[in-house]
Amino acid sequence: MTRPRRSLLFMPGSNVRAMEKARTLPADGLILDLEDAVAPDAKAAARKQIADAVAAKGFGRRELIIRINGLDTPWWIDDVAMVAKAHPDGIMVPKVSRITDLKMISDRVADMGGGMAMKIWAMIESPLAVLRAAEIAAAGAEADNRLAGFVIGPNDIARESRMRMVKGRAPMLPLLSHCVIAARAAGIEILDGVYNDFSDAEGFARECEQGRDLGFDGKTLIHPSQIEPCNAAFTPPADEVARARKIAALFDQPENAGRGAVQMDGQMVERMHADIARRTIAIADAIAAAK
């Protein structure tokens, strides 16, 4: 089943009220956070609060992902134990930079009883991770490693690379495209990173459109006000969906079953366009079904 991942909102695991509100928000997914949003002395309490929230259910169609603390911290093992017991849809691992990071998490989840339905989301947050993106994606997409996709961490990348965080992200565009291509080559998803200035609605909308055009499947968010414009940017337009249905229907006709290209509206349409069309239709139908 194709699952829309237009908008995934970070929610602090230490904020019970925010997690309660999350049940009513129109985000495609929620990332219940144990890492950056939680102070060291609040980690244990946040871990329990997230476990209780997941157990209470009520999140509906929203994809539930828990971000654990990094593998270089003293908290990650307890985080994974909780996640394996809570059984969310996925576990997000920060600062992944090597294949062994994924294997360590996957093995730990399996040892603690986490089923294969629980997927891993790897955060790409360092120059080394960007350089190894293709290697990580290819190895992580193997059946026993659970990798569902990448999540870009622009703030950490900027800090470690000394790139400037500027409007339009010109310094980062080469590495963003590199990560998108690595993900696509391995057949996994990829989510764009957060936009820090949630008061800048116009800038955020432009970055959503840019991320969509670069090939990202959706975007991670830090504030509920970002959900609606993000959903709008990553929802296929009605005319695009209509054209996709027309292309798919054309190739579904028996007389076109063996053809690599057909004519439609004065243009040649190839079979690859039918594949693109079917994904567009699947995303549009999944979005419509969730309303």
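As the structure is a prediction and not an experimental result, all values here were calculated from the model. Sequence positions, counted from 1, serve as the residue numbers for this chain.
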Between Lys43 and Asp78, does a salt bridge (Lys or Arg N to Asp or Glu O under 4.0 Å) hold up when you go through it step by step?
-> CA-CA 10 Å; Lys43 300 286 189 187; Asp78 288 338; over 6 Å; no
Report yes or no: does Thr280 contribute a side-chain atom to a donor-acceptor pair with the main-chain N or O of Val241 at less than 3.5 Å?
-> no
Any donor and acceptor pair, going by atom type alone, linking the side chain of Arg184 with main-chain N or O of Gly215 inside 3.5 Å?
-> yes
Between Arg132 and Ser97, is there a donor-acceptor pair closer than 3.5 Å when you use the side chain of the first and the backbone of the second?
-> yes
Please answer whether the main-chain N or O of Ala148 pairs with a side-chain N or O of Glu189 as donor and acceptor at a distance below 3.5 Å.
-> no
Short question: side chain of Arg6, backbone of Cys230 - any donor-acceptor pair under 3.5 Å?
-> no
Minimal heavy-atom distance between Arg61 and Ala290, with the atoms involved, is CD-CB, 3.0 Å
Does Val262 offer a backbone N or O that forms a donor-acceptor pair with the side chain of Asn256 under 3.5 Å?
-> no
Inter-residue atom distance Phe216.CZ - Cys208.SG, 0.5 Å rounding | 11.5 Å
For the pair Asn69 (side chain) and Trp76 (backbone), establish whether a donor and an acceptor sit closer than 3.5 Å, ignoring hydrogens and angles.
-> no
Donor-acceptor pair, side chain of Gln226 and main chain of Tyr195, under 3.5 angstrom | yes
If only atom types and distance count, is the side chain of Glu35 paired as donor or acceptor with the main-chain N or O of Gly70 below 3.5 Å?
-> no
